[in-house]
Amino acid sequence: MKPKSKVAESTAASCFLVMSLLCSCIIGDQMETNNEGLSYSYYEKTCPKVEEIVRSSLSSMFILDPTSPAALLRLMFHDCQVQGCDASILLEPIRDQQFTELDSAKNFGIRKRDLVGSIKTSLELECPKQVSCSDVIILAARDAVALTGGPLISVPLGRKDSLSTPSKHVADSELPPSTADVDTTLSLFANKGMTIEESVAIMGAHTIGVTHCNNVLSRFDNANATSENMDPRFQTFLRVACPEFSPTSQAAEATFVPNDQTSVIFDTAYYDDAIAGRGNLRIDSEIGADPRTRPFVEAFAADQDRFFNAFSSAFVKLSSYKVLTGNEGVIRSVCDKVD
């Protein structure tokens, strides 16, 4: 398993961009949401072109920068995990606040906040003060999946933005550690209403993007790392690819390894690697061995449609977690500031 060249990544991303625009099916139209205030037709009258504007803003960016989809998907995950899906991760410090959730070490490498802000600017020209930054994050993440070959998920909209960003200490406590195991992961997603199958499916987001070496190196602190369903040959690859420094060193933070063998394409390769013990993180390996999760890993590896359906269901649940609706929040005109 070798990191792909930028040319290969760009070519793959371009091909799948065209294919997904032509072939992606919308999944989730029949899903229900228990969150009062969210609707599948929320902007039908106030901003009917919202989805078109978001997608057109992203399409060219994804061709120029094939790492953008994974960055946007991670941005959504980290926003929704802390205080719910409220775009708090986009806010700069407010008044005397010194450290925001973005300052948490677990948010290291969060990117493309500016891209969300750029999309928001376009929406403000089309329909001022109508579309929330939190909905933009969700739509951008949804399109990140579709434009890399995954399903085009129908998501309910109508979230409002928070008026504040929590401290880094809140983010530290609510974001999962890179050392999370199966128990931690299943508990985390069960709290968001997901079944075990959906929890395994949402982990499939790791099929695109990279893992920074500072998160990989922590696995080598365990002398029994190979017992975590890690292929010894893959462990050797990781040791060669990642510098032998402290996990918190600058060298470890600056280097990375691809999440799977097709790291710019949203497919089932992540599950093939999980079965074979080629997972970068502890959860990526253990999910393929634990008796609670392995049956679903095997099912997804063999049936892409089943994976796409389960992922879509899990995506809707995650993106609807603890949202602000109605008068509970606001619609920011600029995503990194409170009006």
Side-chain angles (χ1 to χ4, degrees), residues 33-38 42-43 50 54 58 68 70-121 123-124 129-144 155-178 188-189 191-194 202 205 314-339:
T33 174
N34 294 322
N35 292 281
E36 186 178 354
L38 294 186
Y42 188 83
Y43 294 111
V50 57
V54 172
L58 296 176
S68 295
L72 288 169
L73 191 54
R74 183 171 183 244
L75 180 66
M76 174 206 143
F77 268 67
H78 282 236
D79 182 52
C80 290
Q81 295 281 11
V82 182
Q83 195 174 274
C85 307
D86 60 1
S88 59
I89 199 169
L90 301 179
L91 283 172
E92 295 297 328
I94 299 172
R95 292 182 291 277
D96 297 331
Q97 188 175 19
Q98 290 186 326
F99 299 105
T100 69
E101 64 180 287
L102 194 62
D103 293 307
S104 168
K106 294 178 181 178
N107 275 325
F108 169 77
I110 285 290
R111 299 184 300 118
K112 298 303 177 182
R113 294 163 71 239
D114 57 332
L115 181 53
V116 174
S118 177
I119 296 170
K120 172 65 172 173
T121 299
L123 288 167
E124 284 298 298
K129 292 292 286 184
Q130 295 299 321
V131 182
S132 67
C133 299
S134 48
D135 273 348
V136 175
I137 290 177
I138 301 305
L139 287 172
R142 183 276 293 269
D143 286 345
V155 292
L157 301 171
R159 297 161 191 78
K160 296 295 177 67
D161 302 324
S162 66
L163 285 164
S164 63
T165 176
S167 71
K168 67 184 293 283
H169 304 295
V170 174
D172 285 340
S173 66
E174 295 191 9
L175 288 169
S178 61
L188 176 74
F189 292 124
N191 289 336
K192 296 170 178 59
M194 295 187 201
I202 204 68
F315 187 98
V316 171
K317 288 183 177 180
L318 178 61
S319 64
S320 303
Y321 177 65
K322 291 176 66 175
V323 297
L324 302 174
T325 59
N327 296 322
E328 295 175 321
V330 298
I331 295 178
R332 298 185 218 132
S333 297
V334 181
C335 287
D336 62 356
K337 296 180 178 63
V338 176
D339 297 350

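Not a single donor-acceptor pair under 3.5 Å links the side chain of Lys106 to the backbone N or O of Pro176. In this structure, Asp86 contributes its side chain and Ser134 its backbone to no donor-acceptor pair below 3.5 Å. Side chain of Asp103 to backbone of Lys168: no donor-acceptor contact under 3.5 angstrom is found. Between the Lys120 side chain and the Arg332 main chain, a donor and an acceptor come within less than 3.5 Å of each other. No donor-acceptor pair under 3.5 Å is formed between the side chain of Asp143 and the backbone N or O of Ala140. In terms of modelled atom types and a separation under 3.5 Å, the side chain of Arg159 and the main chain of Ser319 share a donor-acceptor contact. Lys322 contributes no side-chain N or O that, together with a main-chain N or O of Gln83, makes up a donor-acceptor pair within less than 3.5 Å. A side-chain donor-acceptor contact under 3.5 Å links Asp161 to the backbone of Cys133. Listed for the Glu174 side chain is no donor-acceptor partner under 3.5 Å among the backbone atoms of Ala171. Using modelled atom types, one side-chain atom of Ser173 and one backbone atom of Val170 make a donor-acceptor pair closer than 3.5 Å.
With rounding to the nearest 0.5 Å, the separation of CD in Gln81 from OH in Tyr321 is 8.0 Å. Between atom CG of residue Leu91 and atom CG of residue Asp336 there is a gap of 7.5 Å, rounded to the nearest 0.5 Å. Rounding to the nearest 0.5 Å places CD1 of Ile331 at 6.0 Å from OG of Ser132. Taking CD1 from Ile119 and SG from Cys335, the interatomic distance works out to 9.0 Å, rounded to the nearest 0.5 Å. Summarising the geometry, atom CZ belonging to Phe108 is positioned 12.0 Å from atom CG belonging to Leu102; distances are rounded to the nearest 0.5 Å. Note that CZ of Arg142 and CG of Leu72 are 13.0 Å apart. Values are rounded to the nearest 0.5 Å.
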After noting the C-alpha distance and the side-chain angles of Leu58 and Ser68, does the key distance pass the side chain to side chain contact (heavy atoms under 4.5 Å, CB included) rule? CA-CA 9 Å; Leu58 296 176; Ser68 295; over 6 Å; no
Check the pair Leu324, Ser162 against side chain to side chain contact (heavy atoms under 4.5 Å, CB included), reporting the backbone distance first and the verdict last. CA-CA 7 Å; Leu324 302 174; Ser162 66; 4.1 Å; yes
Step by step, would you call Met76 with Phe315 a side chain to side chain contact (heavy atoms under 4.5 Å, CB included)? CA-CA 10 Å; Met76 174 206 143; Phe315 187 98; 3.4 Å; yes
Under the salt bridge (charged side-chain N to carboxylate O under 4.0 Å, His left out) rule, what do Arg113 and Glu92 come out as? Steps first, then yes or no, please. CA-CA 11 Å; Arg113 294 163 71 239; Glu92 295 297 328; 3.4 Å; yes
Show, in sequence, the C-alpha distance, side-chain angles and deciding distance for Leu175 and Phe77, and conclude whether the side chain to side chain contact (heavy atoms under 4.5 Å, CB included) test is met. CA-CA 9 Å; Leu175 288 169; Phe77 268 67; over 6 Å; no
I would like to know whether Asp172 and Ser104 meet side chain to side chain donor-acceptor pair (under 3.5 Å); could you show each step before the answer? CA-CA 6 Å; Asp172 285 340; Ser104 168; 2.5 Å; yes
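For Asn107, the side-chain hydrogen bond (donor to acceptor under 3.5 Å, both in side chains) partners are His78, not counting sequence neighbours. Listed by chain and residue number, Ser39, Leu157, Lys160 satisfy the side-chain contact (heavy atoms from CB on, under 4.5 Å) test with Tyr42 (two or more places apart in sequence, or in another chain).
Residues Lys192 and Ile202 are not in side-chain contact: their nearest non-hydrogen atoms beyond the backbone lie 4.5 Å or more apart. For the pair Leu123/Gln130, no side-chain contact is recorded, criterion being any heavy-atom separation below 4.5 Å from C-beta on. Ser88 has its side chain within reach of Pro166: a pair of non-hydrogen atoms, C-beta onward, lies under 4.5 Å apart.
Using modelled atom types, one finds no donor on one side chain facing an acceptor on the other under 3.5 Å when comparing Glu101 with Ser167.
In terms of heavy-atom proximity, Thr325 sits nearest to Gly158 at CG2-O, 3.9 Å. Smallest separation of non-hydrogen atoms from Ser333 and Glu124: O-CG, 3.6 Å.
The number of heavy atoms from other shown groups lying within 6.0 Å of CG (Asn327) does not exceed 12.
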